[in-house]
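Here's the structure, in structure tokens; my notes come after.
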2 protein chains.
Amino acid sequence: MVAHRLDEIDRKILAELQADGRMTNVELAKRVGISAPPCLRRVRALEDAGLIRGYHAEVNARELGFEVQVFAMVGLESQAEVELSAFEARCREWPLVRECHMLNGEVDFMLKCVAPDLSSFQSFLTGQLLTTPNVASVKTSLVIRGAKDEPGVPFDVLEERLSRTA
Amino acid sequence: MVAHRLDEIDRKILAELQADGRMTNVELAKRVGISAPPCLRRVRALEDAGLIRGYHAEVNARELGFEVQVFAMVGLESQAEVELSAFEARCREWPLVRECHMLNGEVDFMLKCVAPDLSSFQSFLTGQLLTTPNVASVKTSLVIRGAKDEPGVPFDVLEERLSRTA
DNA sequence: GTCGGCTGCGCAATAATCTTTCGTACATGC
DNA sequence: GCATGTACGAAAGATTATTGCGCAGCCGAC
């Protein structure tokens, strides 16, 4: 990890932009305690270094008509690398699958899916996921309600960790 | 859902801002085919309506020193509402827990966690999660690699769906 | 029909921000 | 001591955000 090459200002920038990605550069500069030009240079550098992958609006899926969220745990027949990659490629094609993570343990993949309603998801499940070659088992769990949803990184933990190292 | 009250321009705006949350308003206006002022008014309206919840920079967790990502499936002793809320509140306190979803089925909660390394996660697991009152069982799965990670909503599905309804 | 009233667009102007340029300060190494 | 590299901050011009205003289209009411 390259976190050591970042000073406190860089980490503050990342934390602020993670919390509010549309913050103006002048506001950001004010918050991290430097003037606008070097602040913008740092942001560009963080983007170029790949530490900032992009910026996204967080939309209200439920209000937009995606009322169903499902975790699907998928087991494959063969775990050969070719098969794993093939399944991942499929997941990237399916719009209802928003996340696909390869896991250790008995389950091979964890999928997070969204759908307009249960029947839409069912038809995806039976018509697409379950009919995919090499898929051995799928266990699904409906999300009843969400209690916390903050993708990203806890910068306070990072700060604490670095201060201990230093 | 209020998606019906949105016209095609609004949905395009949402799709564009989900893909690039820092797009300038003039660029956004150009892409959706209207001039800047009404475009900005629409964005503000979408924000006020809660359809846009916020904007966030997507950071590279691994490069920042969070090399471990874990799904934890938690079962509780009691599923009384008080207990469920209490557990959710705990999850909101724990910085390593980034997501907490209540599920149907045998598992009560699905947690997505990050940690700097395995031992950090282990100490969280044994020192915090497993010692929490009312926690009956925790099954964890390490993320080996990520194949897709696009939180949000597939707007192409939404469009298709609305065109069928209309 | 046509007369308000409503909604939403676009133009124009101003305010704010972004972005580049340039000069300076500080630390490092020779 | 002095060159060198790095990063800051002030200033200025370009771009963008934001507001105010006039206009067109689209209903209901009469």
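Residue numbers begin at 1 in each chain, while the letters A, B, ... track the order of the sequences.
Scanning DNA chain D 5' to 3' for nucleotides with an atom closer than 4.0 angstrom to a non-hydrogen atom of chain A gives a first and last hit of D/dC8 to D/dA11.
Scanning residues 17-35 of chain B for heavy-atom distances under 4.0 Å to DNA chain D yields B/Thr24, B/Asn25, B/Val26.
Here the C1' atom of nucleotide C/dG10 and the CD1 atom of B/Ile9 are 13 Å apart, to the nearest Å. In this entry the distance linking CG of B/Asp7 with P of C/dG8 reads 9 Å, nearest Å. Here C/dT17 presents its C1' atom at 11 Å from CG of A/Leu40, a figure rounded to the nearest Å.
When atom types are taken as modelled, the side chain of A/Asn104 and the backbone of B/Leu142 share a donor-acceptor pair closer than 3.5 angstrom. Between the side chain of A/Lys12 and the main chain of A/Val32, no donor-acceptor pair closer than 3.5 Å is present. B/Arg98 places no side-chain N or O within donor-acceptor distance of the main-chain N or O of B/Leu111, the cut-off being under 3.5 Å.
When ring centroids are compared, A/Phe109 and A/Phe87 come within the 6.0 Å threshold. Annotation: A/Phe71 is in aromatic contact with B/His101 [ring centroid separation under 6.0 Å].
Legend: residues meeting ring-ring contact (aromatic ring centres under 6.0 Å, His included) with A/Phe121, ordered by chain and number and at least two apart, are absent.
Looking at A/Val70, A/Thr140, A/Val143 one by one, the single match for side-chain contact (heavy atoms from CB on, under 4.5 Å) with B/Leu103 turns out to be A/Val143.
For C/dG8, its base never sits under 3.5 Å from the side chain of B/Arg42 at any donor and acceptor pair.
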Give the C-alpha distance, both sets of side-chain angles, the deciding distance and a yes or no for salt bridge (charged side-chain N to carboxylate O under 4.0 Å, His left out) between A/Arg145 and B/Glu81.
CA-CA 12 Å; A/Arg145 71 188 190 205; B/Glu81 175 56 33; 3.2 Å; yes

